[in-house]
S.K.: 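The structure that follows is given in the form of structure tokens.
Quick caveat, the model's predicted, so the values are computed rather than measured. Every chain is numbered from 1 and lettered A, B, ... according to where its sequence line falls, protein lines coming before strand lines.
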Protein chains: 2
Amino acid sequence: MATIKDVAALAGVSLGTASRVLSGSSQTSPDSRARVTAAAEQLKYIANGPARSLRRSRTEVLGLLVSDIRNPFFSELAHAAEREAQRRGYTVLLANADEDAAQEAAYLRTFASQRIDGLLIAPQGSDLTRLQAVRDSGLPLVFVDRSVDGIDVPTISTDNADGVRRALTWLHGRGHREVAFVGGPPGISTGSERRAAFLQIRDELGLSADPRLLAHGDFRAESGVEAMRAVLASGARPTAVLSADGLMTLGVAHALREEPARSLGAIEIVSFDDLDWFSLVSPPISAVRNDATAIGRLGVGALVDIIEGRPAASRRVETSFVDRSGEAAGSAGSAGSAASSDAAASDDPAASDDPAGAGA
Amino acid sequence: MATIKDVAALAGVSLGTASRVLSGSSQTSPDSRARVTAAAEQLKYIANGPARSLRRSRTEVLGLLVSDIRNPFFSELAHAAEREAQRRGYTVLLANADEDAAQEAAYLRTFASQRIDGLLIAPQGSDLTRLQAVRDSGLPLVFVDRSVDGIDVPTISTDNADGVRRALTWLHGRGHREVAFVGGPPGISTGSERRAAFLQIRDELGLSADPRLLAHGDFRAESGVEAMRAVLASGARPTAVLSADGLMTLGVAHALREEPARSLGAIEIVSFDDLDWFSLVSPPISAVRNDATAIGRLGVGALVDIIEGRPAASRRVETSFVDRSGEAAGSAGSAGSAASSDAAASDDPAASDDPAGAGA
DNA sequence: GGCAGTCATGGAAACGTTTCCACGGAGGAC
DNA sequence: GTCCTCCGTGGAAACGTTTCCATGACTGCC
């Protein structure tokens, strides 16, 4: 592998000059510029990243620690984050905590060793001390999707209360009064916020306060199955269910489907997180759209701001509601054109500075 | 940030000794060991990765360049690869080519600069020269999921012909004779292999050879919509369709749903790639199970073998077929227990040495 | 008891960059 | 014509490790 020394020698300049040309930092003469560039080209020179990082004590790498890469919400978030990072000259090192605090700790250590420039994390929440340590170490830090009580870090998250309100209002409008809730883990902010919002708005709207309607899982599909089964076994008689996460919605749907007494249509499902197959099941599942792309993009933006010395603030990303009550899976009709737009995962490379809906 | 120099000073040993203790390479006395370990602990010493990489010219980082992280097949593959890499002491740098050769090239450059120890890639196929250059640079390289003609690199891929055979045999057994095929891009090996297998097995089984039954997309959902629409518009009258990829199956289902004349049930869908919601639609979608976990795991295994000087061979991973014809979504019955296992994404941390089905 | 061999250690070189410092030359102002 | 300034350059130090080499002490054997 060619080094900058080889390039300098071939170009007939000193090593320092070669470096100045290649990193473009300082003034260089047009002549040296041309010679060095040509030499680098000829030798297929690619700068040694570790050496550069060592000297500059910057790596131009961002860490992204998500909770579960197989959760479509996070894979979309990761995709957006990576794209935005690349646009800003950074590379993303992606790691997957698998909803496990120990794994999270292991990756935190790896990241520290790699000397990444900043960390985007969807924290597990359970390990406050370790996160404190990370923050105190001075590593630029931004939370995405989730926050953690007792630690003040810029956070890009969904407006959970707003999303729950949209869902419950819609259900209420459709006549539902017995609405079950399958929430997330209480130790994670998205879990507790959505649950708190559910309780409050449920009461505002005068929905049933039967405690047997409440259950929670861990944001994985299997836990959705179990939570829904528990509700059904409790003796409660929900006519609808709000699931607090896309993967859990998958589980909820499975659980309802296996229940002999109630067909998949008998209990209406609404999901926090919109998945691309919701319009294909019968009846279609309406959902709160949770904008993972905006969160990923804004998260990287905030992180880079911090790294480069600009201030960064927490933001809440707005939700929207996708009402699929008018569609009917497997049948004809006007639903057609509406449905088609579902499949197109739009991905505009341009829009980036100020994304869809983002409030204070 | 504490350096090894600080640790050595605090422990009262030389820098060399401290390094020997911390990297555990050479013999050290129990006394130094204890003192250095204690000092490192006290100073919260974390080795500087770039410095270590510079000196050892190894980074212990693997690159994983997938085609589309939002495709569940690849997020599962990435998850498995990351897990296996961690087990073997490596970190994975994940990048997303977005099914785009230019993006792929950009990441290849980034990886080269980072001096990763090895690269796992699902190649776009179009850019033979660049891949040749990578291979010739001596970087350990393994292809996953896809191979590229004209370049000899160990490849871990699905037994595509086997999978297509399972699907077509099953369809044939159910009486279908007019089977449409929505394939992938001809320039990508999974696209061409599955198509070639379709044509051959179609003829073996005596299925209709109507060319209007053939279409192809680019492994993204929207292209599945378009391909299916094209088949329907051609005048062909398929009774079933085989989709060559999970995301395209999503598109195919959307396209069938929007077609007024044929309800979602009228044309039976079979998918190459099994997604977790297939049993929820009506009728459920049967599928060839494409074992992304095994591919990710074996890919990392092969790559690490190469890196560490052991030989590595290409492998084909077996498929299996998930027959959901007995299940009926949204209704009661014996389908219940079968369905429940669908939602549980099993993930055994132990099994790793020789995974599920892998032949020569 | 002396000598060879082993073993832990300290010191220093090396990895490939970036950046500081000093220097020389060109150009402008007087 | 001289002095000052500015600009481009070469040389060298520094980043934090690992590893080579030499040295000194200790063990064990004859």
S.K.: A:Ser32 has a side chain; which of D:dG10, C:dT18, D:dG8 sits nearest to it?
M.R.: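 For A:Ser32, the side-chain atoms sit closest to D:dG8.
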S.K.: Provide, to the nearest angstrom, the distance between the CZ atom belonging to A:Arg115 and the P atom belonging to D:dC15.
M.R.: 14 Å
S.K.: Give the rounded distance in Å between these two atoms: CG of B:Leu22 and C1' of D:dT17.
M.R.: 11 Å
S.K.: Is there a donor N/O on one and an acceptor N/O on the other, under 3.5 Å, for the side chain of B:Arg20 and the base of C:dG10?
M.R.: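 Donor-acceptor pair under 3.5 Å: yes.
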S.K.: Identify whether any heavy atom of B:Ser57 sits under 4.0 Å from a base atom; if not, whether one sits that close to sugar-phosphate; answer base, sugar-phosphate or nothing.
M.R.: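 Nothing, no heavy atom under 4.0 Å.
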S.K.: Go nucleotide by nucleotide along DNA chain C from the 5' end; which of B:Leu54 and B:Gly12 gets its closest nucleotide reached first?
M.R.: B:Gly12
S.K.: Starting at atom CG of A:Asp31, determine the distance to atom P of C:dA26, rounded to an integer number of angstrom.
M.R.: 15 Å
S.K.: Taking the minimum atom-to-atom distance to the side chain of A:Ser19, which one of D:dG16, C:dT18, C:dT17 wins?
M.R.: C:dT18
S.K.: Let me spell it out: for each of A:Tyr45 and B:Thr28, pick the nucleotide of DNA chain C with the closest heavy atom. Which residue's pick is nearer the 5' end?
M.R.: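 Checking each residue's closest nucleotide, the 5'-ward one belongs to B:Thr28.
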S.K.: Using side-chain heavy atoms (C-beta onward) and a distance below 4.5 Å, is A:Leu131 in contact with A:Val153?
M.R.: no
S.K.: In whole angstrom, what separates A:Leu15's CG from C:dG16's P?
M.R.: 11 Å
S.K.: Would you check if there is a donor-acceptor pair between the side chains of B:Thr28 and B:Arg20 at a distance under 3.5 Å?
M.R.: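 The answer is no; no qualifying pair exists.
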S.K.: When rounded to the nearest 0.5 angstrom, what distance separates CD1 in B:Ile188 from OG in B:Ser147?
M.R.: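 One finds 11.0 Å between CD1 of B:Ile188 and OG of B:Ser147.
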S.K.: Using whole Å, what does the distance between atom C1' of nucleotide D:dT17 and atom CD of A:Gln114 come to?
M.R.: 14 Å
S.K.: Is a donor-acceptor pair below 3.5 Å formed from side chain A:Arg55 to base C:dT17, judging by atom type as modelled?
M.R.: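 Not at all, since no donor on one side and acceptor on the other fall under 3.5 Å apart.
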S.K.: Can a side chain N or O of A:Ser29 be found less than 4.0 Å away from OP1 or OP2 on D:dT9?
M.R.: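 Indeed, a polar side-chain atom of A:Ser29 lies that close.
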S.K.: Does the side chain to side chain donor-acceptor pair (under 3.5 Å) test come out yes or no for A:Arg83 and A:Gln86, once each step is laid out?
M.R.: CA-CA 5 Å; A:Arg83 206 181 178 88; A:Gln86 214 203 8; over 6 Å; no
S.K.: Quiz question: by atom type and distance under 3.5 Å, do the side chains of B:Arg52 and B:Ser23 form a donor-acceptor pair?
M.R.: no
S.K.: Regarding B:Ser26, tell me which of base, sugar-phosphate or nothing describes its non-hydrogen contacts under 4.0 Å with the strands shown.
M.R.: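 Here B:Ser26 touches no strand at all.
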S.K.: When the distance from CD of A:Gln27 to P of C:dC20 is rounded to whole Å, what number comes out?
M.R.: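 After rounding, the reported distance stands at 16 Å.
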S.K.: Provide, to the nearest angstrom, the distance between the CD1 atom belonging to B:Ile4 and the P atom belonging to D:dT19.
M.R.: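 My rounded result for the distance is 11 Å.
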S.K.: Please report the distance, rounded to the nearest Å, between CZ in A:Arg56 and C1' in C:dG16.
M.R.: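 Atom-to-atom, A:Arg56 to C:dG16, this comes out as 14 Å.
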S.K.: OP1 or OP2 of D:dT18 less than 4.0 angstrom from a side-chain nitrogen or oxygen of B:Arg52, does that happen here?
M.R.: yes
S.K.: Using a cut-off of less than 4.0 Å, is there contact between a side-chain N or O of B:Thr3 and OP1 or OP2 of D:dC15?
M.R.: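 False: B:Thr3 side-chain N/O out of range (4.0 Å or more) of D:dC15 OP1/OP2.
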